[in-house]
Amino acid sequence: MSSRELKPRLRLGALLVLLMFALAGGRTEASPAAAAADPPAVITLANGLTVIVDERPDALAIGVSLAARAGTRDDRPGRGGEMALLARALLGGTAAYPSVDRLRRPIERTGGDLELEIDPDLTRYTAVVPPGSLAVAVDTLGAMLREPRFGITDLADAVEATAAGRYSPLDDDISAALWPGHPAGRPSGGTEASRDGITYADLLALRARAFAARNLALAVSGPVSAAEVVAMAESAFGTLPPGEPWPVAAASAAAPDTRSRTFGTFRPQATVFMAFPTVGRTAPDYPAVLLLNLLASGPDGLLSLDVRSRHGLARDVSTLDLTFTDVGALVAVARVQPANVDATVDRFREVFEAIVCDEVTEETLRRLRERLVGERIVERERAADRARDLAERSVRGEPLSDAALLAALAAVTPADVQAAARRYLAPERAIVHVITPDARS
Amino acid sequence: VALMVRWSRRQFLTASAALAATVAVGHRSRAAAQSGVVQSTVLPNGLTVLTRARPGAETAAVAVAVLAGSRDESPGLRGGSHWLEHIHFLGTSGFPTTEALYNTISEVGGDLNASTSTETTTYYVTVPAARLSVALNVLSEMLQRPTFDEDAVERERGVVQEELRGSRESALRTALLTVNQRLNGAAGQDPAATVAEVGRIDRANLLAYRGARYTAGNMAVAVVGPVAHADVVTLVTRALGGLAPGTPGARPALTPAPGAVRLDGETPFESIVMVGQRIPGLGSPDAPALQVFDAVLDVPGTRMIDALTDARVAGEGGTSIQLFSDVGLWAGYAVAPPSRAERVVPVLKDAVRRLQDEGPNATEVGEAATYLAGRTLLAAETVAAQAQRLATHTLLGVYYTEEAWAARLAAVTPADVRRVAASYFDPDAFAVLVQR
């Protein structure tokens with residue numbers, strides 16, 4: 001019942017930068033029996049910026065998301081980390097709000113928050129504010145793009161933050177093992193040498209390309225009107241140069257590096273990862289892989305039922321679904337006592353072998369589809385999630401509704417899922433990484 | 001998933017009676033009410049059914065609050081409310097395992113969870129709106145037909161203890177718990193309790209406690225989403241109309257607040273210095289002004305940290321406020337080198353005295369109120385958060401809609417803050433805790 005206990009200090013509020021490992025895919029608008037939501041309004045400003053407005057009159061929050069079709073995959077050779085560095089540097093402040101903290105302060109004063117997320121494909125800034133504070137969020141994002149301070153101190157801070165990274169070495173290590181030779185397999189924050197090679201002129205050029213109006217989408221979800229959003233967007237972003245959409249460059253990954261790796265930790269518990277490279281969101285197999293992931297994941301997924309419930313090896317079993325444009329992966333994760341590491345790896349292998357060998361019934365598929373539809377409704381409840389989802393779809397060039405994906409899912413047969421399991425979850429493709437206190441030197 | 005309760009004649013009569021008792025717009029057609037409208041019906045068994053219409057939502061949430069929190073636990077039952085919460089997930093007649101319960105919800109894409117606080121235990125589910133009956137079905141089973149297998153219940157005691165061992169309480173939070181319990185007695189008891197306390201609970205006593213507390217008169221069900229109140233009353237009557245009536249459980253009276261107390265302790269790290277004051281709770285008309293008072297001092301205000309740094313006694317510090325239904329706790333704190341610990345206490349007290357003497361300015365109050373109002377709305381963004389608040393606060397008699405609470409915060413004036421500072425705070429009588 002406490003209204004509040006210990007409070008974070010605003011000025012110490014850390015910038016949340018997440019490497020998006022979540023499935024950022026299409027989501028459904030309504031379950032079959034739910035009232036159909038009005039489709040969002042889509043407006044293109046004169047400079048080419050796409051503005052999407054999802055009017056929800058009775059929502060208690062406004063989500064504002066600005067997405068750019070530029071991510072860590074767009075770092076040039078020898079310049080690894082430049083997109084992450086640029087994204088952070090833009091948060092360094094503006095003429096009016098000359099620091100990271102001051103830039104965020106107008107949003108935080110409303111009780112709201114601002115987050116930056118970057119992955120191989122996309123960069124997004126997403127704010128959440130209470131009703132009535134739309135202008136604060138839009139103005140902050142607009143000023144950030146129009147008039148970033150880009151001072152030497154901001155850049156030094158951004159370099160330091162990128163180097164320290166919220167990207168753990170293990171994440172980078174798994175990515176490297178999953179997708180050798182592919183941009184998604186490179187260290188997301190670059191290396192010290194690659195960051196040293198980035199010049200001020202490089203960043204300005206990258207900014208001009210990545211944050212041009214036609215390479216961006218602004219999405220707003222909440223108790224707002226399309227007219228007010230468009231007016232504010234025009235004022236905040238109307239002077240951005242049009243630029244060009246930045247297409248995703250074709251790339252392919254080599255065979256996965258399946259050598260097992262062990263890392264040390266000072267935490268008392270161990271973490272077991274078993275990862276399989278799958279496919280990206282544009283692949284024909286994507287719908288089948290989506291259902292396959294669902295079969296393995298969740299509290300009632302095969303992994304959790306076996307490792308946690310049946311064998312009691314771990315209290316926490318989950319899966320990470322890393323899906324980008326042209327590469328993807330299914331990663332099983334278990335937090336276990338160090339003594340249970342080997343047994344957990346064995347169980348993971350058994351479960352994935354069973355998924356490959358056992359037949360999937362039509363009834364199982366029906367239930368998985370229903371779960372997927374329901375999860376997407378529940379996951380898209382928050383204004384920030386809805387806005388982010390719409391902005392992402394727009395810059396990816398995907399439909400804003402799930403109709404096409406749902407049709408594709410409906411067409412998936414048990415044989416398709418079986419074939420995908422054999423293709424992607426074969427035992428010889430498994431990558432096993434373990435973090436354990438036993439490995440500390 | 002099959003409905004596990006048949007629509008018997010008795011239940012039909014019960015439902016009819018309930019519908020007749022529906023207040024406000026209970027006789028309206030079964031269209032969802034205007035957004036934000038709260039409606040209430042008390043079923044014949046005493047169960048309170050609440051709805052808040054959110055016609056634009058695609059999800060619906062159900063929260064069942066039980067007036068069974070740590071403040072209701074006798075000394076031999078410390079931690080019992082939390083253990084009870086856990087064992088309701090062990091299986092039921094219709095869903096014999098934990099997995100079966102979770103599967104039923106996750107198969108429709110929903111979430112099932114529960115929480116135990118000082119005042120209540122709350123079970124809640126979020127589902128796509130069209131699956132509301134699935135949520136009620138599972139909650140009905142958990143609350144009316146739990147199997148409570150003896151071995152499983154005992155194993156779960158170990159799970160709770162393991163949770164407690166694994167949780168790393170910060171020194172600051174431990175200090176807050178110490179001050180809260182000293183000032184507010186049972187009302188300040190930590191819902192988690194200790195490993196040893198959970199180990200001492202007699203299982204038969206725990207189930208007797210459940211029998212007394214988990215009754216219809218001691219519970220409230222809230223549904224938030226694109227729902228019609230009459231439909232919800234029908235569904236809840238089917239699902240939970242069979243709960244034993246019971247009566248609202250009495251709570252131990254608040255113990256008198258102690259005067260100035262000293263609560264020293266040890267820490268291997270830097271000293272935690274804390275001053276604390278018992279204050280009124282959410283039921284007080286001054287609750288919004290008390291929240292603003294606190295926010296003027298710390299977040300978004302900076303008075304407290306400024307005072308500490310200006311006096312060069314600590315570089316880290318702030319304030320904390322916890323409002324329960326009938327009582328609350330305010331605390332000011334700092335983390336300081338042990339050599340400066342005693343010099344911190346007068347600085348913390350003087351920050352309050354200055355507010356009493358001079359009052360805050362309009363800008364400070366405006367910024368604090370805006371921030372708190374925004375946090376109130378954003379914290380209640382999901383239907384699950386709204387349903388939990390509706391159920392628990394109604395049960396405790398302190399419910400305001402999020403919008404109404406935000407409006408009350410916005411109406412707080414500098415004079416209000418100065419008045420509550422003078423009325424409820426006595427720095428000379430603060431409880432003082434120094435850990436070094």
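Residue numbering restarts at 1 for every chain, and letters A, B, ... go by the order of the sequence lines. Only heavy atoms go into these numbers, but all of them, side chains included; no hydrogens, no water, no symmetry mates.
Partner of A/Val336 under the side-chain contact (heavy atoms from CB on, under 4.5 Å) criterion, chosen from A/Thr344, A/Thr436, A/Asp316, A/Thr271: A/Thr344.
A/Asp385 and A/Arg380 are not joined by a salt bridge, as no carboxylate oxygen comes within less than 4.0 angstrom of a charged side-chain nitrogen.
There is a side-chain donor-acceptor pair under 3.5 Å between B/Gln291 and B/Trp405.
Both the backbone and the side chain of A/Ser309 come within less than 4.5 Å of a heavy atom of chain B. In this structure, chain A has no heavy atom under 4.5 Å from any part of B/Glu316. For A/Leu294, no part sits under 4.5 Å from any heavy atom of chain B, backbone or side chain.
No other option in B/Ala287, B/Gly374, B/Ala60, B/Ser115 has as many heavy-atom pairs under 4.5 Å with chain A as B/Gly374. Top candidate by heavy-atom pairs under 4.5 Å with chain A, chosen from B/Val383, B/Asp111, B/Thr126, is B/Val383.
The number of heavy atoms from other shown groups lying within 6.0 Å of CZ (B/Phe89) is above 12.
A cation-pi contact, defined as under 6.0 Å to the ring centre and within 45° of the axis, links B/Arg408 to B/Tyr400.
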